[in-house]
Protein chains: 2
Amino acid sequence: MSRAAKARGGRNGAGRPPGRPAGDSGTRAAIGEAARAQFADHGYRGATIRGIAAAAGVDPALVHHYYGSKEALFAAAMRLPVLPSEVMTAALTSPAGFPGTGTRLVAAALSLWESDALKDTFLGLLKSAVTSEHAAAMLRDFVTDSILGTMVKVTGLADRVSPAEAGYRAAMVATQMLGLAMTRLVLRLPPVAAASVEELAATVGPSVERYLSGEIELPAAVAGSQRRT
Amino acid sequence: MSRAAKARGGRNGAGRPPGRPAGDSGTRAAIGEAARAQFADHGYRGATIRGIAAAAGVDPALVHHYYGSKEALFAAAMRLPVLPSEVMTAALTSPAGFPGTGTRLVAAALSLWESDALKDTFLGLLKSAVTSEHAAAMLRDFVTDSILGTMVKVTGLADRVSPAEAGYRAAMVATQMLGLAMTRLVLRLPPVAAASVEELAATVGPSVERYLSGEIELPAAVAGSQRRT
DNA sequence: TGTAGAGTTCAACGTGTGTTGAATTAGCGG
DNA sequence: CCGCTAATTCAACACACGTTGAACTCTACA
């Protein structure tokens, strides 16, 4: 038998003569999208190049052709399509005052990482962080810079307290927010998964607010670094 | 060269004639311990049978001989050596009242899952939950039954509010606690990782207490299930 | 028309994985 | 002293992985 007469697959899929069907099909982008989805589903280790290629309807070798290596693909796929800090800032500054900074913060974060733009990226980061030190560093940076940094600025925390205290308070916020993400997106604890963004924001918000500006006991190490108001 | 003259490894390690050196060496237990440590370090997917065997100083085939399969080994390794509910109950009931239920709860949980008895088990569960649905179910059950169930009973939550509300409040607690575990043990965010158990308990405790008995807004679905006091 | 290059496929390599089966030895009950 | 059984090792299988290199076909431009 010759090698002619093959069935057409999803994108290219099953046997089709090599060659160039058209100038710049969206293959590269398709691979990126598939990668994001796979990383979100299975984490860095669990996602496979072959699986990603299959999901994109493409030969595994193409993935390497475009991205070079799995790690590079991960880095590229996790590069954020929008700047979270901007989204957060916008969500936080527009309705000034009401209904409480903490509540607005939780609502903003929640809908941010459940938005189509960031969903897979964030979940991928979250799921990969536990296995890959590389991903953990990415998530840590993401949390520290984009989220916490913005938050500290937007809420004016930086002006009111010492840097050490701001860092500690922000970390406490991270504690609550990451837990929310974990139970809602990964573990899917029924009460948390079922609630709406607004409901969660309403009940969790005040706790966050307490970390931001409420009275909390500081560890000796951070309390000593500067007198506070 | 013949195959004689080999160096002695950790347990048995490198070449040593097969056979039975002594009745019931603690090999089976050693494998279990090594497994727990490896699962805690790398998660379910990241940990390998060969790695576990090496850590236990044992031939990989022995692992299967004793446990049958990787999944069975995981299940066996994650079986809790102590009942968390008992530990929690003890920690919560002895110094009644002071310094606040939430604070004591956080302190108890924190030192529970950082105890030698549970450390690896808990971390293993946490790291595997994001990749393996099996492990996620285990962690969910662990959180739901042992921690939240106990908590609801000990704090008297069950007597004061409807089951639906108790479930929601407990889930919010889980949100905060899991986030604490995540940032401290997995992500190791500096401020959280550096603080002592008491310090964390002091700052996080009141938030937890708020979820337990404070005034919070309930989702419509749970508020409607029964009139509350 | 020719040639450079992009898009794509295929086949294979080397490595690491979970798992299996046979072989070997030591202790223990008869 | 003889088997039986438990403890252990070794060698191998089948598979999946990331990665590589060569081939092929089309488009674009000179």
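By convention in this document, chain letters (A, B, ...) are assigned in the order of the sequence lines, proteins followed by strands, and residues within each chain are numbered from 1.
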Sugar-phosphate, base or nothing in reach of A/Ala47, heavy atoms under 4.0 Å: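 Answer is sugar-phosphate: A/Ala47 comes under 4.0 Å of backbone atoms only.
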Give a yes/no answer on whether the side chain of [X] brings an N or O atom under 4.0 Å of OP1 or OP2 in [N].
{"X": "B/Tyr66", "N": "D/dA6", "result": "no"}
{"X": "A/Thr48", "N": "D/dC17", "result": "yes"}
{"X": "A/Ser69", "N": "D/dG18", "result": "no"}

Assess [X] against [Y]: is NZ or CZ under 6.0 Å from the centre of the six-membered ring, and within 45 degrees of the ring's axis?
{"X": "A/Arg36", "Y": "A/Phe74", "value": "no"}
{"X": "B/Arg28", "Y": "B/Tyr67", "value": "yes"}
{"X": "A/Lys127", "Y": "A/Phe122", "value": "no"}

Provide, to the nearest angstrom, the distance between the [atom1] atom belonging to [X] and the [atom2] atom belonging to [N].
{"X": "B/Tyr67", "N": "D/dA7", "atom1": "OH", "atom2": "P", "answer": "12 Å"}
{"X": "B/His64", "N": "D/dA14", "atom1": "NE2", "atom2": "P", "answer": "17 Å"}
{"X": "B/Arg45", "N": "C/dG18", "atom1": "CZ", "atom2": "P", "answer": "11 Å"}
{"X": "A/Arg28", "N": "C/dT8", "atom1": "CZ", "atom2": "C1'", "answer": "15 Å"}
{"X": "A/Ile52", "N": "D/dC17", "atom1": "CD1", "atom2": "C1'", "answer": "12 Å"}
{"X": "B/Gln38", "N": "C/dT17", "atom1": "CD", "atom2": "P", "answer": "11 Å"}
{"X": "A/Leu62", "N": "D/dG21", "atom1": "CG", "atom2": "P", "answer": "16 Å"}
{"X": "B/Asp59", "N": "D/dA12", "atom1": "CG", "atom2": "P", "answer": "14 Å"}

First encountered from the 5' end of DNA chain D, between A/Ala61 and A/Gly46: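 Counting from the 5' end, the first nearest nucleotide belongs to A/Gly46.
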For the student: nearest non-hydrogen atoms of A/Ala55 and A/Ala34, plus distance: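 For A/Ala55 versus A/Ala34, the nearest heavy atoms are CB-CB, 4.0 Å.
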Heavy-atom closest pair, residues A/Met177 and A/Val106: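 Reported closest heavy-atom pair: SD-CG2, 4.1 Å.
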Check: C/dG18 base within 3.5 Å donor-acceptor of B/Arg50 side chain: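 When only heavy-atom distances are counted, B/Arg50 does reach the base of C/dG18 through a donor-acceptor pair under 3.5 Å.
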